[in-house]
Amino acid sequence: MSLLFKKFRIHQIFGANTDVGKTILTSALVRASASLKNQVFYLKPVSTGPMRDADDEHVKCHAGSNKDLVHSHCLFRYDEPLSPHLAAKMAAEKDGRDVSVPSDETFVSSVASYIRRCASQSPAGAHMYVETAGGVHSPTLSGTTQLDSYRPLFLPTILIGDSKLGGISSTISSYESLLLRGYIVDSILLFKDTYYRNWEYLLPYFAERGVHVSALDAPPPREDDLDQNFTLTEQYYQSAVPEDHQGNLFDVLRRLDECHSQRIAELESMPGRTLDTVWWPFVQHGLVKDPMNVNVIDSAWGDYFSVYNGHKAISSLPAHSGTGNSLLEPQLDGSASWWTQALGHAHSSLTLAAARAAGRYGHVMFPEATHLPALKLSERLVKDGPGKGWASRAFISDNGSTGMEVAIKMALRAWTVRYGKGLANTIGAMDACEEGMYTCEWHQAKGYWFEPPSVSIRNGQTYITVPEAISKDGEIAVESMAWAYDIQKRLNTPLAQTYRQHIQGALERLEHRGGAPFAALVLEPLVLGAGGMVFVDPLFQRIMVDVVRGPSAASSKEWSGLPVIFDEVFVGLYRLGLQSTAPLLGVNPDISVYAKILTGGLLPLAVTLATDSIFQAFLSEKKVDALLHGHSYSAHAIGCEVANETLSIVQGLAEGREWDGAKEMWRELTPEREEAKVWSFWAPDFVHTVSNLGVVDEVMALGTVLAIKVKDRQGGYQSHSAQMIFKSLNLAVHGEAGGSSAPGGAPFSIHFRTLGNVAYFMTSLNTSSETTRSVEDAIWSVLKKAEEA
């Protein structure tokens, strides 16, 4: 992951095109750094073509009088003078053996390892330049564009502009491509071509945008005579890097040094500034007073944050290692950033989708209007997505709680229209939750909350835990998790009848007490997220739907009894391995809500789906009968475009082979190896083994979600037991906990969240199995230590 050292400055050098003078200007920078008595490292990760033309050799030849301070190196060298992906492929084919082209992970790990090695061996004040190949989108060895391959390293960047015909366009386009992937561009350098004079245009263009640009004299034309060419080139470098250390190139060095220092200074100051200014959600500030407890996220990529660790003690490091340890370390986003991440952070396809819509629309108002992103998203969710077969309309809002607010309004109106009764009070999403930690002074709970039975794994056995209010049976051991989620097999069991009697009896008692009638059933299917990661017995939820709908003479296209709302904000769109929970429960809702995964965690957006029967309750000639809910950014085009892109990628994963390995692990636990109705990215052997530990009360896993409930007599949301047991995961995971490493080969820590005595962990939908296994190893190590304590 990202690399940043206190006294070891690194810059990565991209070109706006091939043959723009990247190596010439990089050599000049190396020579200038060495002339200031700095030790300098030059890295050419990939070189293609004959050795006599190799860039790293050129740097060595023209390092100047302080060449003993210059270290030049290449990691991957190929003979053919072709694009790296072709050169690597041809080399593999020519070898005749089963030699594969290095993967992106191998490539970036090699670069990161070399950088760390140089940093650990260098004195304070050393410089390093990493020169890429070709233009910004030239492919690396695997064929991936360089911008994506190098992005996990997140090195500050110098862009070499194009001084030739068409260079204005290619320079601006390259700069924007870098920005779209989050790169920090500290400087743009290019030659002063006296004919095209691109620099005259580009200097003021970028100055208006606060970007530093420097134009340097062009080198002499290349001579066929090698000795003459060397002499002229050396004269050029002597003129570009004068002995008095004056001129453009030294201004550039000062600029690069300042950018490096400013970035570190800002990271150092962020914790204190945050504690002085920011008001966090769901955080008691009285418990967070030490700046060391502020998690400073410098960037993010894939499943990882890159977090600042410069405030940690480094007294145990070697004396020379002011440069030896990166100030940034990878930290696994173990909660999928509040359950939103589906494809990892900074996914370039989602970023480009957002830019595409922003460039085309910005934001446009939506009432009585339409635009393609919103229309396509609505059609997709209604006709081919989780609404297929039952929904007819999509209402697009901004986040999950707003989507639920809309759903409740829909249900209440439908109920009042059908039964001709008014409701004395309105109800909001926060009023539709029980009294607890999340409620506040103005909360007015309007509803009744059933204490649900749950499914969990204890001591390697699947149990259904039934509250005493429902049955005296308590914990019921069942044959398997697969059986617990087979609703059709369980509908006629004695437990189903017990559930039905309990629900019917509770509703009858509430009706006899009087008061406001019930107008809707709201379910968070299968898992109560913020409620403590409770894996609800799906049979109980199915029976609830059957009871509230009751026998009805109405058309099957109309809702009956009470409108049923599925809150799938958290659980939907494959978070639990299912696009929707409706097929598993065997019933469709009348209204459902989706968010979080909907945009891959990039932007806030929510969609509330509804049947035509619900929509008809609002249809009239009167404005006051309309669904009078919305906000300025309803159905914003950028969010809708990102959602469409996310759903395309996710559907590709669901229909492809990437999840087959995880599904196969769980298939082995089903009778006669039937296809599992539920499965998880977390290994079943791991889940069952952890459930046998003495410090663990129960474990459950579905899809991307793993929940571990630790034993605690107090329990509940206010408990700190899970946080205390797992807090060491915030430290870097080294070999003793499974040899875990993030992209780039660095050990990583794990950022996680707890709900009282429950710790939960969440992957993305494309997290590698290697990463998941590493996290399992780390969790196991922590729990074993707690067991032995």
Side-chain angles (χ1 to χ4, degrees), residues 180 336-388 390-407 409-410 566-575 579-580 591-611 614-615 626-654 764-765:
L180 282 172
S337 280
W338 266 348
W339 323 340
T340 63
Q341 292 300 310
L343 304 170
H345 295 275
H347 194 290
S348 58
S349 295
L350 304 189
T351 304
L352 290 170
R356 184 166 65 236
R360 182 172 179 176
Y361 300 99
H363 170 61
V364 293
M365 68 180 301
F366 198 60
E368 296 184 43
T370 192
H371 51 74
L372 274 176
L375 177 57
K376 287 183 175 180
L377 177 61
S378 300
E379 290 176 335
R380 183 177 212 142
L381 291 173
V382 168
K383 297 179 180 180
D384 299 312
K388 184 178 181 179
W390 65 271
S392 71
R393 300 281 172 167
F395 188 100
I396 308 174
S397 58
D398 64 334
N399 59 44
S401 62
T402 305
M404 282 302 297
E405 183 90 13
V406 170
K409 286 187 175 182
M410 289 177 176
F566 279 11
D567 175 357
E568 294 201 322
V569 168
F570 165 46
V571 301
L573 304 177
Y574 297 102
R575 176 60 71 196
Q579 184 184 54
S580 169
I591 305 166
S592 65
V593 185
Y594 302 90
K596 296 193 183 295
I597 276 182
L598 184 62
T599 59
L602 184 61
L603 289 168
L605 193 80
V607 176
T608 303
L609 301 182
T611 63
I614 297 295
F615 175 73
L627 178 51
L628 300 178
H629 189 104
H631 56 99
S632 300
Y633 286 92
S634 289
H636 63 107
I638 302 170
C640 293
E641 185 77 358
V642 172
N644 282 313
E645 186 72 22
T646 299
L647 293 175
S648 293
I649 297 172
V650 169
Q651 199 58 40
L653 290 170
S764 294
L765 296 175

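Between the CD atom in Q579 and the CG atom in L381 there is a gap of 8.5 Å [rounded to 0.5 Å]. Taken from CG in D398 to NE2 in H631, the straight-line distance is 3.5 Å, to the nearest 0.5 Å. Atom CG of L609 sits about 6.0 Å away from atom OH of Y594, to the nearest 0.5 Å. The distance from atom CD1 of I396 to atom OG1 of T608, rounded to the nearest 0.5 Å, is 10.0 Å. Considering OG1 of T646 and CD of E641, their distance stands at 10.5 Å, rounded to 0.5 Å. In this structure, CD on E568 lies 11.0 Å from CE on M404, to the nearest 0.5 angstrom.
A donor-acceptor pair is defined here as one N or O able to donate and one able to accept, closer than 3.5 Å; such a pair exists between the side chain of R380 and the backbone of N644. Using a distance-only test at 3.5 Å, with no hydrogens or angles considered, a donor-acceptor pair links the side chain of T599 to the main chain of L603. Under the 3.5 Å distance criterion, the side-chain polar atoms of H636 are matched with a main-chain donor or acceptor of P604. When atom types are taken as modelled, the side chain of T351 and the backbone of A346 share no donor-acceptor pair closer than 3.5 angstrom.
In terms of heavy-atom proximity, V571 sits nearest to D567 at CG2-O, 4.1 Å. Between K409 and L628, the shortest heavy-atom distance links the atoms NZ-O, 4.1 Å. A606 and A595 get closest at one heavy-atom pair: CB-CB, 3.9 Å. The heavy-atom pair separating L602 from A354 by the smallest distance is CD2-CB, 4.2 Å. Taking all atoms of both residues into account, the shortest heavy-atom contact from Q341 to G601 is NE2-O, 3.5 Å.
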Check the pair K596, R575 against side-chain contact (heavy atoms from CB on, under 4.5 Å), reporting the backbone distance first and the verdict last. CA-CA 10 Å; K596 296 193 183 295; R575 176 60 71 196; 5.8 Å; no
Could you please spell out the steps behind the side-chain contact (heavy atoms from CB on, under 4.5 Å) verdict for S337 and H345? CA-CA 9 Å; S337 280; H345 295 275; 3.4 Å; yes
Go through it in stages, so that I can follow the logic: the residues are L350 and I649, the test is side-chain contact (heavy atoms from CB on, under 4.5 Å), and I'd like the CA-CA distance, side-chain angles, deciding distance and then a yes or no. CA-CA 10 Å; L350 304 189; I649 297 172; 4.2 Å; yes
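L573 has its side chain within reach of P386: a pair of non-hydrogen atoms, C-beta onward, lies under 4.5 Å apart. Using a 4.5 Å cut-off on side-chain heavy atoms (C-beta onward), V406 and I591 make no contact. A heavy-atom distance below 4.5 Å is not found between the side chains of L598 and T340. You'll find the side chain of L377 reaches within 4.5 Å of the side chain of V607, heavy atoms only.
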Residues 360-373, side-chain donor-acceptor partners within the protein, below 3.5 Å, at least two apart:
{"unit_1": "H363", "atom_1": "NE2", "unit_2": "S632", "atom_2": "O", "d": "2.6"}
{"unit_1": "H371", "atom_1": "ND1", "unit_2": "A374", "atom_2": "N", "d": "3.3"}
{"unit_1": "H371", "atom_1": "NE2", "unit_2": "A635", "atom_2": "O", "d": "3.0"}

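Applying the ring pair (Phe, Tyr, Trp, His ring centres under 6.0 Å) test to F395 and every residue at least two apart in sequence or in another chain returns nothing.
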